[in-house]
Protein chains: 2
Amino acid sequence: MSLGLGVDRGSPVPLYFQLAEQLRTAIEQGRLAPGMLLGNEIAFAARLGLSRPTVRQALRTLVDQGLLVRRKGVGTRVVPAAAAAGAAPRPALTSLHDELDAAGRHPATRVLHDAVVAAPAEVAEALGVEEGAEVRRLERLRLADGEPLAVLRSHLPLRGPLPPAADLEATGLFRLLRAAGVVPHSARQRIGARGATRSEARLLDETEGAPLLTLRRVVVDAAGRAVEHADHAVRPTRWSLDQRLLAPE
Amino acid sequence: MSLGLGVDRGSPVPLYFQLAEQLRTAIEQGRLAPGMLLGNEIAFAARLGLSRPTVRQALRTLVDQGLLVRRKGVGTRVVPAAAAAGAAPRPALTSLHDELDAAGRHPATRVLHDAVVAAPAEVAEALGVEEGAEVRRLERLRLADGEPLAVLRSHLPLRGPLPPAADLEATGLFRLLRAAGVVPHSARQRIGARGATRSEARLLDETEGAPLLTLRRVVVDAAGRAVEHADHAVRPTRWSLDQRLLAPE
DNA sequence: CATGTCCGTTTGACCGGACATACGGTTTCA
DNA sequence: TGAAACCGTATGTCCGGTCAAACGGACATG
């Protein structure tokens, strides 16, 4: 095979994970061409000194990510386009702040509004609190490289110690929540578009009615408690969603 | 447990799949409350007359879908919010036509343009053909319940028998491609927004500059060959993207 | 009273093997 | 010559078991 495949049993990193990572980089670097590869899981496992379940676990993660395709009676093939598509795992619940950070676009935040208000009907239902119950309303302006990027409107349930407003200008909301022990688990997200309101236009340096990308999401933690109800409006000329989709079987 | 759990060994449906489906419906119907459930995989497996790996395979699919959370030394818990979020598997590469169909919104299509043209630079690169090579350019107007919904612009590589234009008015492009033996495998998608051009506005019954949701995707098949380069513009007042996101570990 | 340690429990990782099923090419038969 | 039957091969499913790692509470210690 001449690929530098081989696992380190001394490492605390699970064997299946080591193997998956090595295969992924091999695919992305083009050292693994399309065609019948990795032929025969059993022989492959024997060559690596691993058991078949372990090898299968590694292959499965790559199949889940669309890098490999398995067919019964044939074998496991590499999807060549995966290399071009780059390392894009499943669409994940990410933080806009961290995303900008990772892209090297220097995020910054200005807190426009931060107060406890009575929950509007829609927010109350999404957060699982009674209508009119007190929630924290947060409105922020997110900038990237100094340019206005998005208006972020959030409603948070009043639970536990809340992050001080000052910190919100320094880092992202998700990171503060996580530091406070609130771990986001999953979210429902609706993506749409609409024209900018007058105030949004002023904040975002756009004209009234200019097209904005909208993200409405409800984030919950592992216990099922609502963490955040967000309603964001983003300048589509400065940011867009990039996703990788897999066809269902 | 008093849940109607039990697998049918006579069925051709895999045991782990039967179990996963039963657990999923139990969760969605609220028959499985949060708290420590399914306690102890080993006992659970014994109770069902299955082996632990089989049970774990069932649990894993549900964990992947965000319905369960496992913690070492604690157990496997049900995520209650999942019930509210509904049965939403990972974001999949779906067809707009089929999506409307499933929602009972009676999709229809008008072919506005269908011709072989020289590939523009961007399209050529995305499709993996040389710039200026011949590709099929397709422009369609998609309607839902008789109302204009989106302008669909596609570029298809000239390969194999192409679906006749007449069929395009009757059904979706994906279904025709699949019938022709071209199976979509994965796609990269970019979601944005912009103002409607004059011609789009006329087609969609909007005003010029009205905000539109844009989808740009490159679809590839399992062999890595590009299947379609699409550039769609959708009326956000009539349709929006609904997704369910999972937090990474 | 606070802190650190031990320990039972539960999932995580890994191994070996067995049989079923689907695919693709070959061989055989009409 | 064409189509049907056959067979090798690969993944899919399922089983049994072992050891490690992490969590949470009880216990002992300073």
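Just the heavy atoms: all of them, side chains too, but no hydrogens, waters or symmetry mates, feed the values below. Proteins come first, then strands; the chains are lettered A, B, ... in the order of their sequence lines, and each starts at number 1.
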Taking only heavy atoms on the protein side, list every residue of residues 7-18 of chain B lying under 4.0 Å from any atom of DNA chain C, sorted numerically. none
Which sits closer to the 5' end of DNA chain D, Gln57(B) or Pro53(B), going by the nucleotide each is nearest to? Gln57(B)
Between Arg60(B) and Tyr16(B), is there a side-chain heavy-atom distance shorter than 4.5 Å? no
In whole Å, what is the span from the CG atom of Leu48(A) to the C1' atom of dG16(C)? 17 Å
For Arg71(A) and for Arg71(B), locate the closest nucleotide of DNA chain C by heavy-atom distance; then report the residue assigned to the nucleotide nearer the 5' terminus. Arg71(B)
Tell me which nucleotide among dT11(D), dC15(C), dT11(C) gets nearest to the side chain of Leu50(A). dC15(C)
Quickly, which of Arg153(B), Arg216(B), Arg217(B) forms a side-chain hydrogen bond (donor to acceptor under 3.5 Å, both in side chains) with Asp231(B)? Name it, please. Arg216(B)
Is there a side chain to side chain contact (heavy atoms under 4.5 Å, CB included) between Val135(A) and Val117(A) once you walk through the steps? CA-CA 6 Å; Val135(A) 295; Val117(A) 301; 4.1 Å; yes
Once you round to the nearest 0.5 Å, how far does CD1 of Ile191(A) lie from CD of Gln189(A)? 4.5 Å
Ignoring backbone atoms, establish whether Arg56(B) has a side-chain N or O less than 4.0 Å from OP1 or OP2 of dG12(C). yes
Of the candidates dA22(C), dC15(D), dT11(C), the side chain of Ile42(B) sits closest to dT11(C)
Surrounding CD of Gln22(B) (heavy atoms of other residues, nucleotides or ligands, distance under 6.0 Å), is the total greater than 12? yes
Given dT11(C), dG12(D), dG16(C), the nucleotide with the shortest approach to the side chain of Arg70(B): dT11(C)
Please determine whether a side-chain nitrogen or oxygen atom of Thr76(B) lies at a distance below 4.0 Å from atom OP1 or OP2 of dT10(C). no
Any side-chain heavy-atom pair of His229(A) and Pro157(A) under 4.5 Å: no
Length of the CD-P vector between Glu41(A) and dG16(C), whole Å: 15 Å
Is it the case that the side chains of Arg190(A) and Ser240(B) hold a donor-acceptor pair, with the cut-off being a distance below 3.5 Å and no angle test? yes
Nearest-angstrom distance from the residue atom NZ of Lys72(A) to P of dC19(C): 17 Å
Distance in angstrom units between Asp64(B) CG and dG12(C) P, rounded: 12 Å
